[in-house]
Amino acid sequence: MPELPEVETVCRGLSKALKNATITAVEQRRADLRAPMPHNLPRKLKGQAITAIDRRAKYIQIHLDGGSVLLLHLGMSGRMVIGKHDDQTGKHDHLVFHFNNGVTVRFNDPRRFGLCDLVNAQRIQNHPWFAHLGIEPLTSALTLDWLRQALRGRKTNIKTFLLDQRRIVGIGNIYASEALYRAGIRPTRSCGSLKPDEVTRLVTAIRKVLKAAIAAGGSTLRDYRKADGELGYFQHQFAVYDRAGMACPDCTCDIAKTGGIKRVTQGGRSSFYCATRQS
DNA sequence: CCTTGAACCTGCGGGC
DNA sequence: TGCCCGCAGGTTCAAG
């Protein structure tokens, strides 16, 4: 579910709620998610203070004053919910963190594709989850030259390339379609077929679509959380994602003729595009 | 190396 | 109403 903008918004919300907070207790309600969680996690975390919360790719990094980092990945259905100590624990609340400022954070993940590990800050770059991650799209690492080089001669389709976390991190199924829409490029195009001006548009589109989504999270939620305490998910208008058969927002053409936004399957996942505005 | 497809797991909505 | 199907914002692994 969560892609870079949602994970970023979760991190900002957690940072705000947990400034200078110390973990007083952790309830671990099952031993594994997609992978086993660390042994004795509650004992290891108790008494540690939060020094910072940020992200790498779609991983949340909760930095602790003992020199370790709690890594969390939300998978497809993971959520972080901020509440109070006496809030009732619900179905699929796998981890419940209690803090000395009265705040409780629940990690809820029905499908359990999420991940949790506790790692030494010095060795985090060697962690198997981090070893093969690509560049961050919102840093200076994403340049025209970099993308041109990465696409050159590659025959896979551009949509699948955007989802590949070994190249660029953070883009998921929604923002891959949305970025390609903004760039005017069909998801079915092969990487190597993109012309120089299309690569230029794609770099711009990736940055803009991710930044706009983060901004929407910040502005629509103020402190990044909804009324029920849930972090990172916000009302966001998508141009093409999950809008098969509907009119593209910038199109004036006749839906009855064009059939509206198209849906195709690539690599087992849905892609959406406007055949009029994307070529 | 590449590409494809299945697997992990639960829930939801649509069709019958 | 229930049942069956396909689908869901991610990642990894095996097989060709």
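In this text the structure is predicted, and so the values were computed from the model without any measurement. All values below were derived from every heavy atom in this structure, side-chain atoms included, with hydrogens, water molecules and symmetry-related copies excluded.
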Undergrad: Determine: side-chain N/O of A:Lys58 to OP1/OP2 of C:dG10, distance under 4.0 Å, yes or no.
TA: yes
Undergrad: With heavy atoms under 4.0 Å as the rule, sort A:Tyr241 into base, sugar-phosphate or nothing.
TA: sugar-phosphate
Undergrad: Using the P atom as the reference point in each nucleotide, state the distance between B:dA7 and C:dC5 in Å, no decimals.
TA: 15 Å
Undergrad: Would you kindly give the CG-to-P distance between A:Asn157 and B:dC2, to the nearest whole Å?
TA: 14 Å
Undergrad: Does A:Ser270 place a side-chain N or O at less than 4.0 Å from the phosphate oxygens OP1/OP2 of C:dA8?
TA: yes
Undergrad: Counting the atoms with a prime plus P, OP1 and OP2 as sugar-phosphate, which does A:Arg263 contact under 4.0 Å by heavy atoms, base, sugar-phosphate, or nothing?
TA: sugar-phosphate
Undergrad: Figure out the CZ/P separation between A:Arg243 and C:dG9, and round it to whole Å.
TA: 16 Å
Undergrad: Using OP1 and OP2 only, check whether a side-chain N or O of A:Arg269 sits under 4.0 Å from C:dG9.
TA: yes
Undergrad: Rounded to the Å, how far apart are A:Asn108 CG and B:dC9 P?
TA: 17 Å
Undergrad: Between the side chains of A:Arg55 and A:Glu136, is the shortest nitrogen-to-carboxylate-oxygen separation below 4.0 Å, so that they form an ion pair?
TA: yes
Undergrad: Under 5.5 Å centre to centre and under 30° between planes: does that hold for A:Phe113 and the six-membered base ring of B:dC8?
TA: yes
Undergrad: Could you tell me how far B:dT3 sits from C:dG9 if I compare only their C1' atoms? Round to whole Å.
TA: 23 Å
Undergrad: Assign the ring pair A:Tyr59 / A:Phe130 to parallel, tilted or perpendicular, where the plane angle (0 to 90°) is split at 30° and 60°.
TA: tilted
Undergrad: OP1 or OP2 of C:dG10 sitting under 4.0 Å from any side-chain N/O of A:His73?
TA: no
Undergrad: Check the phosphate of B:dC2 against A:Arg167, side-chain N and O only, distance under 4.0 Å to OP1 or OP2. Yes or no?
TA: yes
Undergrad: Think A:Arg79 has a side-chain N or O under 4.0 angstrom from the OP1 or OP2 of C:dG9?
TA: no
Undergrad: Taking OP1 and OP2 of C:dT11, is either one under 4.0 Å from a side-chain nitrogen or oxygen of A:His132?
TA: no
Undergrad: Taking the minimum atom-to-atom distance to the side chain of A:Thr156, which one of B:dG11, B:dC2, C:dG10 wins?
TA: B:dC2
Undergrad: Between C:dG10 and A:Arg34, is there an OP1 or OP2 to side-chain N/O distance shorter than 4.0 Å?
TA: no
Undergrad: Remember a base hit wins even if backbone is also touched, and classify A:Gly172 as base, sugar-phosphate or nothing at under 4.0 Å, heavy atoms.
TA: sugar-phosphate
Undergrad: Please work out which of the three classes, parallel, tilted or perpendicular, describes the rings of A:Phe161 and A:Trp146, given edges at 30° and 60°.
TA: tilted
Undergrad: Look at the rings of A:Trp129 and A:His127 and say which category their plane angle falls in: under 30° parallel, 30 to 60° tilted, over 60° perpendicular.
TA: tilted
Undergrad: Give a yes/no on whether any side-chain N or O of A:Gln165 is located under 4.0 angstrom from OP1 or OP2 of C:dG10.
TA: no
Undergrad: Could you tell me whether A:Arg123 atom CZ has more than 12 heavy atoms of other residues or ligands within 6.0 Å of it?
TA: no
Undergrad: Nearest of C:dT12, B:dT10, B:dT3 to any side-chain atom of A:Tyr59?
TA: C:dT12
Undergrad: Can you find a donor-acceptor pair, distance only, under 3.5 Å between A:Arg111 side chain and B:dC9 base?
TA: yes
